[in-house]
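Remarks on the structure that follows.
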Amino acid sequence: MAGKIKNCPVCGKLYNEIGRKMCPDCFDKQTEKEDEVVAYVRENKGAKIPEIIEATGAPESLIKRLIREGRFEQIGIKMTYPCEKCGEPIIMGKLCQSCQDKIKKDLQHTQAKFVAANPAPKQEPAAQSKGKGMYSLKRS
Ligand SMILES: [Zn+2]
Ligand SMILES: [Zn+2]
């Protein structure tokens with residue numbers, strides 16, 4: 001196997017990269033930690049992320065990744081983490097759906113403002129008034 005020799009980002013040791021982001025030692029340790037987190041959540045249903053961090057010493061990023069990977073769903077537990085903006089429980093990405101929608105809307109608003117500040121030369125008036133009030137938000 002032709003792997004590259006790299007420095008492990010966790011412990012700094014040189015290792016032969018074979019499709020892994022860290023050395024075998026750290027990979028094993030991480031796998032152990034993941035199992036520990038999953039086991040902890042199985043035994044402490046409803047545990048919140050800060051509790052899990054305190055109990056297992058696992059970094060938040062690891063727990064979030066396990067949530068995204070559906071590791072807790074596999075054991076029949078719905079785990080979430082808070083939206084970075086409003087704190088709503090989510091299982092993917094960084095923001096909840098409504099914050100994502102809001103950002104999208106703000107962006108459209110900014111774009112609309114830009115268009116208003118830079119009007120295209122000579123537009124048919126119909127094209128300007130059209131759409132106002134007829135615009136309906138599609139909920140996904
Ligand atoms: Zn390492
Ligand atoms: Zn949110």
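Note that the coordinates shown come from a computational prediction; the quantities given were computed from them, not determined experimentally. One-based numbering, in listed order, for ligands and for the atoms of each.
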Going by heavy atoms in the side chains, are [X] and [Y] under 4.5 Å from each other?
X	Y	result
E60	I49	yes
Y81	P89	no
I67	T80	no
E34	Q30	yes

Please state the angle at the Zn ion (ligand 2) spanned by SG of C86 and SG of C83: what is it, rounded to 10 degrees?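 Result: 110°, to 10°.
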
What's the SG-the Zn ion (ligand 1)-SG angle here (C11, C8), rounded to 10 degrees? 110°

Where the Zn ion (ligand 1) is the vertex, angle from C26 SG to C23 SG to 10°: 110°

